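Notes follow the structure.
Worth saying up front: this structure is predicted, and the values here are computed from it rather than measured. All chains are named by letter (A, B, ...) in the order of the sequence lines, taking the proteins before the strands, and each is independently numbered beginning at 1. No hydrogens, no waters, no symmetry mates; every other heavy atom, side chains included, goes into these values.
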There are 2 protein chains.
Amino acid sequence: MKNEDWTELFDGTRALPRDVRDRLLKSAHLVTAKEGKSIFSPDHIPDKLLFLINGVIRVSQTSENGREIVLYRVEAGQSCVLTTACILAEEAYNAEGVAETDIKAISLPRSEFDRLVAEMPAFRKFVFSAYSRRLIDLLRVVDDVAFGHIDVRLAERLIALCGGGNDIAVTHQKLAVELGTAREVISRQLVEFQKRGWLELSRGKITLNDKASLRKLSNN
Amino acid sequence: MKNEDWTELFDGTRALPRDVRDRLLKSAHLVTAKEGKSIFSPDHIPDKLLFLINGVIRVSQTSENGREIVLYRVEAGQSCVLTTACILAEEAYNAEGVAETDIKAISLPRSEFDRLVAEMPAFRKFVFSAYSRRLIDLLRVVDDVAFGHIDVRLAERLIALCGGGNDIAVTHQKLAVELGTAREVISRQLVEFQKRGWLELSRGKITLNDKASLRKLSNN
DNA sequence: TAAACTTGGTGACAAAGTTACAGAAAGAAA
DNA sequence: TTTCTTTCTGTAACTTTGTCACCAAGTTTA
């Protein structure tokens, strides 16, 4: 991307008056990160608000005994509010954001963030909207983990990850992290799906043969 | 409580200038609800911000198949932000807030809420603080449900619920809802604790005999 | 090529959730 | 009071999920 007007890309900034947007173009700056880079973690909480232009940030949580669960993903056009939330709260938490792809984002200083929230109703709405989005994402995770069945959740996730195509490049361990369970549980379930002819397994790759059945199991 | 200055009771309003507080005393009004009353639910989302003066609101989530889990509690001096969050997001969610005791609260109209967030840094900080508090509460719930062991979680909850004393007036079913599990699982675990001499069971009541052991199991 | 690491397969077992009842205690109705 | 009804608890059998231990095949590194 050329050095274009990124304020055009976000709901929260597109609606702002021209002079404010020009101010933003000066005060904020572009940051990039390679795939796999940690964007925030308990050790490293940035004091900026991130607006994601390109790529995906995967936010996950790791337990004491090392198991991990994916909470949600921040996609292009969205902002990463968990960090700003957690600057205020001084309680311990163990969520981490990792660049799932190479990413490009706008980094907005806290002072400017505060000022925008104060002065611009459109921006305020965007921020609150982002918060509620994440709250609801988490409600969904709680529901899934507490009450969901592993076969349904796995089918759901496979459909979500294939993205139009039929192949998914993913290890059983990665899928286990998606759902917050153990690798063996995923392997078992995948073999079961394979027996039903719904998919083919190979090292590091899953080929979906019968998306309809998977979709049916996952109720979408 | 007499018709006092409730703005003194909240972090978010105590720090405001006198004239703003006087304005609030006029625009907001006192609401009360009896124990057991539903404060908000998917069917009924109030468009006000609630400031809780007295009592406790229990926020829980119910699954399709009827099982339920307690997410967190809103206590006196806190505000109930989940509702405001969810007005914006149009996605479905199934959290409900129920008055766990008789409650007394201040109801602030949305317009006034917006204005305060815009104009008053102290209020803004309070609101963001409330959001992050809930986000972190939910992170904790996810961690517990996904990775926690039921004996540890139950011990923890028993210690939290006894509140200084030794008796807890609660049914096994209620405890199951606290942890998002089944009644039978709780019964089984309570019998185990009883065998170890940590507590006594009777209908609708649990008497803790050895809080130290429970506390040790729950790692606090 | 050999060694080290990653990925996946498997069996045995433990923990937690489900199903299906039964009986005791408390409260309401006759 | 006695009977009926509801609520609460106990329990056994079974299924699902999570854990542990270990091995084998593929991949990368030395």
Among residues 170-180 of chain A, which contact DNA chain C at a heavy-atom distance under 4.0 Å? A:T171, A:H172

Looking at residues 190-201 of chain B, who's got a heavy atom less than 4.0 Å off DNA chain C? none

Which nucleotide in the list [options] gets nearest to the side chain of [X]?
| X | options | value |
| --- | --- | --- |
| B:R183 | D:dG18, D:dT27, C:dC21 | C:dC21 |
| B:I150 | D:dG26, C:dG17, D:dC8 | C:dG17 |
| A:Q189 | C:dG8, D:dT17, C:dA16 | D:dT17 |
| B:R188 | C:dT7, D:dT9, C:dA16 | C:dA16 |

Going by atom types alone, do A:D143 and B:S63 pair a side-chain donor with an acceptor below 3.5 Å? no

Length of the line joining [X]:[atom1] and [N]:[atom2], which is rounded to integer Å:
| X | N | atom1 | atom2 | answer |
| --- | --- | --- | --- | --- |
| B:I69 | C:dG17 | CD1 | P | 10 Å |
| B:I206 | D:dT9 | CD1 | C1' | 11 Å |
| A:R203 | D:dA25 | CZ | P | 12 Å |
| B:L217 | C:dA15 | CG | P | 13 Å |
| A:E184 | C:dA12 | CD | P | 15 Å |
| A:D151 | D:dG18 | CG | P | 11 Å |

Partners passing ring-ring contact (aromatic ring centres under 6.0 Å, His included) against A:F51 (at least two apart in sequence or in another chain): A:F10, A:F126

Remember a base hit wins even if backbone is also touched, and classify B:R67 as base, sugar-phosphate or nothing at under 4.0 Å, heavy atoms. sugar-phosphate

Would you tell me if any nitrogen or oxygen in the side chain of B:H149 comes within less than 4.0 Å of OP1 or OP2 on C:dA16? yes

Side-chain N or O of A:T181 versus OP1/OP2 of D:dG18: is the shortest distance under 4.0 Å? yes

How about A:K174: does its NZ atom have over 12 heavy atoms from other parts shown lying under 6.0 Å from it? no

More than 12 non-hydrogen atoms from neighbouring residues, nucleotides or ligands closer than 6.0 Å to CD on B:E64, yes or no? no

Hey, are A:D137 and A:R140 close enough for a salt bridge, meaning a charged N less than 4.0 Å from a carboxylate O? no

So does B:E178 pair up with B:R73, basic N to acidic O under 4.0 Å? yes

Does any non-hydrogen side-chain atom of B:Q61 lie less than 4.5 Å from one of A:V142? yes

Using side chain to side chain donor-acceptor pair (under 3.5 Å), reason through B:S38 and B:E96 one step at a time and then give a plain yes or no. CA-CA 7 Å; B:S38 172; B:E96 181 179 18; 3.0 Å; yes

